[in-house]
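See structure below.
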Amino acid sequence: MNLRAAPNFRAAPNFRAVWAIYRVEMARAFRTVLQSIISPVISTSLYFVVFGSAIGSRINEIDGIAYGAFIVPGLMMLSLLTQSISNASFAIYFPKFVGSIYELLSAPVSYLEIIIAYVGGAATKSIMLGLIILATAALFVPLRIEHPFWMIAFLVLTAVTFSLFGFIIGIWAKTFEQLQLVPLLIVTPLTFLGGSFYSIHMLPGIWKTVTLFNPVVYLISGFRWSFYGKADVSVGVSLGMTLVFLAICIAIVAWIFRTGYRLRN
């Protein structure tokens, strides 16, 4: 199939197609509400209860913040990263698996519109989940958000960036097992080691330096700063790292559609 010959380049945007794909993705989330929403919230709440109780009884405060409140941004980020990737990767992989991807590519829908619809749906579900977790955490600990605009900005940027990352994984994957490979073996460990449950200033010198090579550190640090005004690294660096990763994901997606990588067959 010649992707370049498909009617994917038009002057007028096809908003109806974008809305149709987006609505289908959102409907799928509400049809599987136990798996899409309730299960991640329960899992995150268990993290919160276990770490908050077990470690919180030994660590009262970090940087003047009660330990239970300190870990909330990290737990939100853990759920946001994994769910953004999972939602977007499954959304684009399933049409490949059943063969309907060719109908989509030959339809009067541009590549940009396909990306907006799928990534927008995945990011929306992740943001909703993050806000639900935030509301749930507020039942356990007193929270404050000193910079609400930047909290929303980091939330949206992270959801969109990792939904794009998940979109790439969904195109790359050949099996359902490969869909879970990156979230389970790479993203989750990096999140745990990225300061979700501690400040990197608590680490010895060499390990603190090594941790700075973990890109998730910058996401969690910037997000925590929006809550409490405390950060392990500069907020400008955190924002810059997020935008760089977003730009890399956009470039990779553009290359995929330009070359037809794992879409031709």
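T242 has its side chain out of reach of Y218: every pair of non-hydrogen atoms, C-beta onward, lies at least 4.5 Å apart. The shortest side-chain heavy-atom distance between W207 and M202 does not fall under the 4.5 Å cut-off. L104 is listed as a side-chain neighbour of I21, based on a closest heavy-atom distance under 4.5 Å. L179 is not listed as a side-chain neighbour of S86, based on a closest heavy-atom distance of 4.5 Å or more. Two residues are said to be in side-chain contact when any heavy atoms from C-beta on lie closer than 4.5 Å; N14 and R16 meet this criterion. Considering only heavy atoms from C-beta on, L181 comes within 4.5 Å of W172 through its side chain. Two residues are said to be in side-chain contact when any heavy atoms from C-beta on lie closer than 4.5 Å; L131 and L155 meet this criterion. Looking at S79 and L129, their side chains come closer than 4.5 Å, going by heavy atoms from C-beta outward.
Listed for the S126 side chain is a donor-acceptor partner under 3.5 Å among the backbone atoms of S84. With hydrogens and angles ignored, the 3.5 Å screen pairs no side-chain donor or acceptor of D232 with any backbone N or O of S221. A donor-acceptor pair is defined here as one N or O able to donate and one able to accept, closer than 3.5 Å; such a pair exists between the side chain of S196 and the backbone of T191. Judged purely by atom type and a 3.5 angstrom limit, T209 uses its side chain to pair as donor or acceptor with the backbone of G205. Distance alone, capped at 3.5 Å, is enough to place a donor-acceptor pair between the T188 side chain and the P183 backbone. The closest donor-acceptor contact from the side chain of R224 to the backbone of L219 lies at 3.5 Å or more, if one exists at all. E113 places a side-chain N or O within 3.5 Å of a backbone atom of S110 that can act as its donor or acceptor partner. The backbone N or O of V216 lies less than 3.5 Å from a partner atom in the side chain of N214, making a donor-acceptor pair. Distance alone, capped at 3.5 Å, places no donor-acceptor pair between the S100 side chain and the E103 backbone.
Of all non-hydrogen atoms in K125 and E25, the two that sit nearest each other are NZ-O, 3.4 Å. The shortest heavy-atom contact between S163 and A88 is O-CB, 3.0 Å. The two residues L80 and I127 have their closest heavy-atom pair at CD1-N, 4.2 Å. Between T136 and F140, the shortest heavy-atom distance links the atoms O-CD1, 3.2 Å. Scanning both residues, M151 and F227, for their nearest heavy atoms gives CG-CE1, 3.6 Å. I200 approaches T211 most closely through the heavy-atom pair CG2-CG2, 3.7 Å.
In the hydrophobic cluster analysis, where Ile, Leu, Val, Met, Phe, Trp and Tyr join through side-chain heavy atoms closer than 4.5 angstrom, F15 is grouped apart from I114. Hydrophobic clustering of Ile, Leu, Val, Met, Phe, Trp and Tyr side chains at less than 4.5 Å, counting indirect connections, unites L185 with F165. L193 and I71 fall within a single hydrophobic cluster, where Ile, Leu, Val, Met, Phe, Trp and Tyr are joined by side-chain heavy atoms under 4.5 Å apart, directly or via other members. In the hydrophobic cluster analysis, where Ile, Leu, Val, Met, Phe, Trp and Tyr join through side-chain heavy atoms closer than 4.5 angstrom, I171 is grouped apart from L112.
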TODO: Could you walk me through whether L164 and I115 pass side chain to side chain contact (heavy atoms under 4.5 Å, CB included), step by step?
DONE: CA-CA 8 Å; L164 273 170; I115 295 168; 3.8 Å; yes
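For the atom pair CG of L157 and OG of S238, the computed distance is 12.0 Å after rounding to the nearest 0.5 Å. For the atom pair CD1 (I220) and CG (L75), the distance works out to 9.5 Å, reported to the nearest 0.5 Å. Taking CD from E177 and CG from L184, the interatomic distance works out to 11.5 Å, rounded to the nearest 0.5 Å. In this structure, OG1 in T158 is found 7.5 Å from CZ in F154, a value given to the nearest 0.5 Å. Within the model, atoms SG of C249 and CZ of F162 stand 7.5 Å from one another, a figure rounded to the nearest 0.5 Å. The distance from the CH2 atom of W150 to the CD1 atom of I145 is 15.5 Å, given to the nearest 0.5 Å.
For F97, the CZ atom is loosely surrounded, since the number of other residues' heavy atoms within 6.0 Å does not exceed 12.
Relative ring orientation between Y67 and F70 is described as parallel, the plane-to-plane angle staying below 30° on a 0-90° scale split at 30° and 60°.
Judged purely by distance below 3.5 Å, without hydrogens or angles, the side chains of T124 and Y22 pair a donor atom with an acceptor atom.
Y93 and F176 have their aromatic ring centers within a separation under 6.0 angstrom.
Looking at R144 and E146, a side-chain N of the basic residue comes within less than 4.0 Å of a carboxylate O on the acidic one, giving a salt bridge.
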